[in-house]
Structures are given as C-alpha cells and as structure tokens.
2 protein chains.
Amino acid sequence: MRRADFKRKSRVIVVDDNYDHASGIRELINLEQDYEVIANAGNVNVAISLIKKYQPDIVLMDINMPEIDGITAISEIEKLGLKTKIIALTGYDDADLIYRAMKIGAKGYILKTMASAQLIRALDEVTMGKIYLPSVLCSKFFEYFQAAQRNEKAYNAADDEENLLNYLTNREEEVLGLLTEGITYKGVAQQLFISETTVKTHVNNIFQKLQVNDRTQAVLYAINKGFGARKKAKIA
Amino acid sequence: MRRADFKRKSRVIVVDDNYDHASGIRELINLEQDYEVIANAGNVNVAISLIKKYQPDIVLMDINMPEIDGITAISEIEKLGLKTKIIALTGYDDADLIYRAMKIGAKGYILKTMASAQLIRALDEVTMGKIYLPSVLCSKFFEYFQAAQRNEKAYNAADDEENLLNYLTNREEEVLGLLTEGITYKGVAQQLFISETTVKTHVNNIFQKLQVNDRTQAVLYAINKGFGARKKAKIA
DNA sequence: CTTAAATTCAATCTTTAGATTTAGAACTTA
DNA sequence: TAAGTTCTAAATCTAAAGATTGAATTTAAG
C-alpha cells in the first residue's frame, strides 16, 4: 500500500541528540523511494526552527533528549498548527510516556529497538492520515489510559455510595441544572414556566437533600460530583 | 502463544440480542480447546445476572442492543468489580463508540465483520492481560481521543488570551478562593481578619472585573477558567 | 381504592447579598 | 512630592435569597 511513484516524496525531519542514531535513521529512510530526510536536528530549539522553515510532512522525534524533552517539543510543535505529523521515538515502552505523547497529538510511537520495517510502516500509515501504534505499545497506552479514567471517576464521584444527587427528583435536577448556570430564582421560574415561589420550594428541598445552606454550595457540590458532566462530555 | 493444555478452559459469556449470531460465536469458540462458552444472554439484565452468578473470565458484549445499550452494560459490569474482562463487539467502527467502550474499561474491541481468527486472537490477548484493539480500530480511537484532548484544552483555558482572572489583585484572588468554597461574607471576613464591609467591597470589585452579577456566576467563571485547577489536577 | 411521592403555589418573614458613595492609610512609581 | 493602586472600612439602600408553614393537584405504587 505504498503511494504511487509519481507523487512527490514525503519530507522527513529527524530529531535526535545522538548523531549516530540520527544518521542511521536517515540512511534507512533514504533507501525508500517514498521518503527523504531533509534535515537532522540535535536539539529541540534547532528542530523547531527547521520545522517552521521547511514544514515537513513528518517529524521523527526522540523523546529522551537533554534540556527540553521530546514531550514538550511535541507540544510546542503542535501549537504551530502545521500539517506536520509527529512520530515519537524512544528506547523504552514506558506507559506514561506513550500516554502523554499520544495525548498531545503524536501520530505514532515506535521503539528504537524495533525492526526497520516497522519504522517504514509507521511512516506509511501516518502519511495516509492514520495513527500508528504497534499492538504492544497500544496495550501499554490503554493500561495507563484506563487507570487514569478510573482515577478520574473515583475522584469525581464515589459513584453511587454517597452521592446525594441521587436523591433529587427530576424537577429538582432541572432546577439545579439552571442554578449551575448562575441563574436567579426569577430566571429559573421563567425558563421552567412555573412561579418563583415554586422554584424556591424546589431549591429549599435541594438544599435539604444536598445538606448545604446556599446555592453556591449546592452548585459546588453538583460540579464536584460530576453533575455538569453532560456539557463537558459532548466535546465532539 | 496459546495457554498450556493442563490449564482449565477460560469461561466465556456471550451477550447478543441476535440469537443466531450468538450461536455462531458460541460454536466458533467451542471449537477452541482453551475456551468454552458457558452461557448466552439476549439482553443486558439477563447478562448481568449471569455474570454475577458465574463470574466468567471473559464477556463478549454486543454494543447494539435494544433497551439498555452495550456501553451502559459494560459500565454496570465494571462496577461489580470482578476480574471479568469485557470485549466489545459491533458491526460498525464508530470512533465515538470505540472511545467510550475503551474509556469505561473494555479490554478489547472487535468488529463482527472481522475474521474468526481475530476473535480468537482477541480472546488470547485479553486472557493474557493485554488489550486487544486491531490497528484500524486503534487508529479510530485515537482520532477521537486526540480531538477530545484538543477540545478540552480549548475549553478549559483560552489559556492566556482572555482570562479575566488575571486582572484580580492578590487580595481579590484570596476572596474569590473562599467564595469558591461556598463561604459567606461573614465567614470570609472572619478568615481574613477584615470587616464584612471590606469583603463586600472586594467582592463587588471582583464582579466588575469578571463581568458577572453574583457570586454563583463568579464561582462558575473561576472554575471554568481553571481557578480551582490545583485540587483537580492531582488525579494521577 | 388508598397511600405516598412529586409538583405546584401562596404568604410571611428574616437574613444575605449586592450596589453605591465616600474616604483614610499604606505602598509604589513617575 | 504627586499620582496611582491596593487594602481597608462605614453607611445606606434595594433586591434577592432563604426558611417556614400550609395546601391543592397529579401520578405512581401497593
């Protein structure tokens, strides 16, 4: 599934503080008809200048580098908003590193110890707009990802056990929802087409159930228990 | 890399509302010496009862089901806190579904259209404690994941550009900090050893600067702009 | 059919909250 | 030294918030 010969070669920049290693990669890639290494960079600052200047199709970024690390570098490059795709490169299959690299936008992640065929395959996949993550690393990523999700949940909720929000009725939830948008009694009454005194009744019941004394505390309780999750959830 | 013969077979429960399909999977799996299907379930409620009862090693969960969907089901099963590992199963490679399934703890995700060899491989990998996500689906996942990360960033911050919190003085930040804990004027005054009227002055200035009308809105603004980030940040 | 819960509303009352104006003291900077 | 900012504070006033009691209606559950 290589790109056809009449298309121009994809331009690659290699970022690695180890010159020998960078050269090795360069030669390896230049053997391929679809790719050409247009520059090497030994540190992050040089890399960013080169990337700004040449806007390469792909950057191969070593993660373990002195001074500024590769993760920060990826983040900086992503901020430039170019079409350049970044593939991370390290010696270790550290779950945390993989997670962070992918989180900030790396399009692939490969180990230096992996066969050269994998490197080329990564270039191919990423060039086609896909993500390349070997199954071993994919597995590592999800280890970390799912652990992070579990923590997030444990933090937000204590899901059913002591979530006083579960005692609210439907209407009370509606009212609380509007409170969490900073709306007054009058405003809530208008939006729900009910009288202001009714709103007050609901709000008082909410306070009782949530064991708080005023709306600010109620709103804070709601947010901390993940009440506003809906809005944050519909990010796509 | 199959498990040795002397080990007991892994026990599998198949959840699918389509009986024919469930039977197909059952026969397929029962051909393998390492696995046995101990039950089928046509809907989520039955599935959960069976899982509680038999505590299988693996659950194959169809995502597209009537009434309660598979995603919710996975979430419920995860709440049980068993060692049971869940592999999601659908007809479509929808990025959103894959993301949600993996987020809540599925250990694998495969398409019904995929070859039976993939199903067995998924069982093998997951049994060994790894994640199984075919590269096509892995790529889909990251599409969604990275988009979500980008939105999260854009949502939380507008990082430096228009954060009205930057205009607050030190004292005002202190006061706002107490407001975000749901404390009254009187309480703030006591904690800061100043008079209540002084607190009111500060709060009014805060409202001006944040362009809001009351404390609830001020607190919401602060939280949305990451004012309380300290506490939430330390999830890992 | 009866009970219980949910939703609605009124009236009354007390307490905060919030707006506005004015101003002194401390500290910084031109 | 003068001007500006920050922090402090009081006085006054209006508007909102919150507590409490009591009650009618609807709907779900037993």
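So that the names make sense, note that chain A is the first sequence line, chain B the second, and so on, each numbered from 1. Heavy-atom basis, side chains included; hydrogens, waters and symmetry copies ignored.
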Self-check item: Side chain A/Arg215, main chain A/Ile183, donor-acceptor under 3.5 Å
Solution: yes
Quiz prompt | Between C/dT21 (C1') and B/Asn205 (CG): distance, integer Å | solution = 13 Å
Quiz prompt | Reported OH-to-CG distance for the pair A/Tyr99 and A/Leu97, which is rounded to 0.5 angstrom | solution = 13.5 Å
Quiz item: When you check the phosphate oxygens OP1 and OP2 of D/dT5, does a side-chain N or O of B/Thr169 lie under 4.0 Å from one of them?
Solution: no
Quiz item: Tell me: CG of B/Leu168 to C1' of D/dT5, nearest whole Å?
Solution: 15 Å
Quiz item: Could you walk me through whether B/Ile38 and B/Ile13 pass the side-chain contact (heavy atoms from CB on, under 4.5 Å) check?
Solution: CA-CA 6 Å; B/Ile38 58 173; B/Ile13 286 182; 3.7 Å; yes
Self-check item: Result of checking B/Lys85, B/Lys9, B/Lys83, B/Arg8 against B/Asp57 for side-chain hydrogen bond (donor to acceptor under 3.5 Å, both in side chains)
Solution: B/Arg8
Exercise. Check whether any side-chain nitrogen or oxygen of B/Thr198 sits under 4.0 Å from OP1 or OP2 of D/dT8, and answer yes or no.
Key: no
Quiz item: Once you round to the nearest 0.5 Å, how far does CD of B/Gln55 lie from CZ of B/Arg11?
Solution: 8.0 Å
Practice problem: May I have the distance from B/Leu192 (atom CG) to D/dC7 (atom P), rounded to whole angstrom? | Solution: 11 Å
Practice problem: Please state how far atom CD1 in B/Ile206 lies from atom C1' in D/dT6, giving the value in whole angstrom units. | Solution: 13 Å
Self-check item: Separation of atom CZ in B/Phe193 from atom P in D/dT8, rounded to whole Å
Solution: 12 Å
Quiz item: What string of B, S and - do you get for nucleotides 11-24 of chain D, 5' to 3', when a contact is any protein heavy atom under 4.0 Å?
Solution: -----SBBBB----
Self-check item: Separation of C/dA6 P from A/Ile194 CD1 (nearest whole Å)
Solution: 16 Å
Quiz item: Under 6.0 Å between the ring centres of B/Tyr109 and B/Phe141?
Solution: no
Exercise. Please check the phosphate of C/dT8 (OP1 and OP2 only) for any side-chain N or O of A/His202 closer than 4.0 Å.
Key: yes
Quiz item: How close or far is atom C1' of C/dA6 from atom CG of A/Leu176, stated in whole angstroms?
Solution: 17 Å
Self-check item: Backbone N/O of A/Asn166 and side chain of A/Glu173: donor-acceptor pair under 3.5 Å
Solution: no
Exercise. Starting at atom CG of A/Asn170, determine the distance to atom C1' of C/dA5, rounded to an integer number of angstrom.
Key: 12 Å
